[in-house]
There are 2 protein chains.
Amino acid sequence: MAGRRSVVEASNTRQSILSCAADMASVEGLEGVTVGRLATSLNMSKAGAIGHFGNKLELQLATLDFAAEVFRKEVWQPAEHVTAGMPRLLAICASWMEYADRPAFPGGCFIAAASFEFDSRPGPVHDALAAHMRRWHAQLVADAKTAVEAGDLPASTDVEQIAFGLEALAARVTPNRQLYGDERAAEHARDSMLNLLGQRTRSSSSLA
Amino acid sequence: MAGRRSVVEASNTRQSILSCAADMASVEGLEGVTVGRLATSLNMSKAGAIGHFGNKLELQLATLDFAAEVFRKEVWQPAEHVTAGMPRLLAICASWMEYADRPAFPGGCFIAAASFEFDSRPGPVHDALAAHMRRWHAQLVADAKTAVEAGDLPASTDVEQIAFGLEALAARVTPNRQLYGDERAAEHARDSMLNLLGQRTRSSSSLA
DNA sequence: CCTACCGATCGGTAGG
DNA sequence: CCTACCGATCGGTAGG
């Protein structure tokens with residue numbers, strides 16, 4: 001083993017560490033990832049694992065960014081080039097629910113879990129998470145506004161309420177499936193989303 | 001200070017410990033409550049604080065039950081004697097959103113946070129939490145069924161979807177308020193709930 | 001990226 | 001309900 005590695009190897013190692021940290025954090029929380037167990041799980045020394053980041057806070061921030069990038073690629077990127085407004089809202093809901101149904105991390109959606117872990121804990125992780133979520137929230141609000149202007153949502157629509165509703169429904173998929181074994185959680189979320197968007201099709205009850 | 005206390009005093013102490021533990025857990029998670037900091041916060045010794053429960057797991061289970069009882073009293077009890085079906089669903093949503101808007105614990109709704117902390121962590125806390133939530137879920141489903149039978153919801157209604165949607169919307173109030181300062185989170189949740197229940201009143205936008 | 005180490009805190013217990 | 005203590009693990013660092 002051992003010795004210093006090349007820049008490329010170091011970058012690969014860094015990604016491996018972040019992937020492992022994100023997996024652990026999705027199950028035990030971002031605060032629950034300890035340097036010791038992370039290193040053991042990677043077959044590395046503690047100094048080797050944490051050295052790429054400096055300290056635990058920086059590791060947490062890097063892990064959050066890693067998971068946020070996965071989330072962006074899986075949920076937002078597929079809908080990026082869809083027509084703004086209702087078409088894009090529906091595309092986002094579709095990719096979001098596919099992701100919620102088959103999450104990239106063993107403990108389920110990382111972002112949803114982190115938003116409950118750090119909502120009442122001030123600090124850099126809270127702030128970084130809020131910044132990510134504000135961007136996504138603004139995107140939902142913008143598309144809802146466009147949908148109103150296009151006449152796809154009633155003029156009386158509260159676009160903030162729409163965004164809130166979609167976020168709430170998406171986040172609940174993991175806990176409801178994992179807590180009381182509701183295998184249809186993503187389907188319920190999807191149907192409720194369509195309901196909030198006025199696309200009430202109670203019969204179209206299959207995913208994908 | 002010190003010395004053993006009477007049964008009544010011990011019971012009071014026990015409640016004080018649980019109240020303090022629930023406050024801490026609502027902010028830092030149930031796993032984040034350490035015996036040492038709990039004791040310090042209570043001006044007690046570690047042995048004094050944990051002695052009432054035996055070990056940390058038993059403390060966690062007792063804290064969960066404590067918070068669940070607060071939740072039951074605040075959310076379910078006010079609606080207990082309301083007519084089953086849609087009237088009771090609306091009453092539950094009302095008390096639920098009042099509670100979400102003014103939660104009993106500094107970190108917000110304890111139950112919602114715990115359901116994200118323990119959804120992917122097997123063990124006694126997961127199981128106890130799931131048991132509580134299953135009871136509440138069954139209550140929502142039962143009232144939704146009654147509402148369908150009474151004609152207050154369409155015959156095609158998926159009652160599981162209704163329960164899922166209400167749970168999702170209620171749980172999201174705390175994180176959205178605390179992460180990006182949405183003071184209208186409870187209001188958005190309430191309006192979305194009414195939407196899911198077919199009581200779409202986009203103009204009635206004031207709480208309580 | 002490793003070994004070897006630091007002080008602090010963890011959950012828990014013996015004994016009073 | 002306290003003091004005093006246990007081994008284990010925490011985050012972090014020096015030095016190579």
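Bear in mind the structure is a predicted one, so any value in this text is a computation, not a measurement. Excluded from the calculations below are hydrogen atoms, water molecules and symmetry mates; all remaining heavy atoms, backbone and side chain alike, are included. Within every chain, numbering begins at 1; the chains are lettered A, B, ... in the order of the sequence lines, protein sequences first and strands thereafter.
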Exercise: do A/Gln178 and B/His126 side chains pair donor with acceptor under 3.5 Å: no
Wobble G-U and Watson-Crick pairs count when both distances are under 3.5 Å; given that, what is the 5' to 3' dot-bracket string of DNA chain C, with | for pairing to other strands? ||||||||||||||||
Taken to the nearest whole Å, CZ/A/Phe53 to P/D/dG11 is 14 Å
How long is the span from the CZ atom in A/Arg72 to the CD atom in A/Gln77, to the nearest 0.5 Å? 5.0 Å
By the 4.0 Å heavy-atom rule, please label B/Ser45 as base, sugar-phosphate, or nothing. base
note: B/Leu38, atom CG; C/dC10, atom P; distance rounded to Å ~ 11 Å
Trace of the salt bridge (charged side-chain N to carboxylate O under 4.0 Å, His left out) decision for B/Arg177 with B/Asp101: CA-CA 9 Å; B/Arg177 185 180 40 223; B/Asp101 215 32; 3.4 Å; yes
Test your reading of the model: is there a side-chain donor-acceptor pair from B/Thr146 to the backbone of B/Gly85, 3.5 Å cut-off? no
Per the salt bridge (Lys or Arg N to Asp or Glu O under 4.0 Å) rule, what does the pair list look like for residues 164-173 of chain B, sequence neighbours excluded? none
Could you check which residues of residues 119-127 of chain B get a heavy atom under 4.0 Å from DNA chain D? Sort them by number, please. none
Could you list, one pair per line, each protein nitrogen or oxygen that sits under 3.5 Å from a nitrogen or oxygen of nucleotides 12-14 of chain D, together with the distance?
unit_1: D/dG12; atom_1: OP2; unit_2: A/Lys56; atom_2: N; d: 2.5
unit_1: D/dG12; atom_1: O6; unit_2: A/Lys46; atom_2: NZ; d: 3.0

Within the 4.5 Å heavy-atom criterion, are A/Leu90 and A/Leu197 side-chain neighbours or not? yes
Atom CE of A/Met44 to atom C1' of C/dC2: distance rounded to whole Å? 10 Å
Could you tell me the separation between the CG atom of A/Asn43 and the P atom of C/dC1, rounded to a whole number of Å? 13 Å
Is any side-chain N of the basic residue among B/Asp158 and A/Arg184 closer than 4.0 Å to the acidic one's carboxylate O? yes
Applying salt bridge (Lys or Arg N to Asp or Glu O under 4.0 Å) as the test, list every pair that has at least one member in residues 56-66 of chain B; sequence neighbours left out. none
How close or far is atom P of D/dC10 from atom CD of A/Gln60, stated in whole angstroms? 14 Å
Check whether the side chains of A/Gln161 and B/Glu187 place a donor and an acceptor atom closer than 3.5 Å, and report yes or no. no
With heavy-atom distances below 4.5 Å as the criterion, would you say the side chains of A/Leu59 and A/Asn55 are in contact? no
Contact list for residues 87-97 of chain A, test salt bridge (Lys or Arg N to Asp or Glu O under 4.0 Å), sequence neighbours left out: A/Arg88-A/Asp143
Can you tell me if B/Thr13 touches the phosphate of D/dC1, counting only side-chain N or O atoms and a distance under 4.0 Å to OP1 or OP2? yes
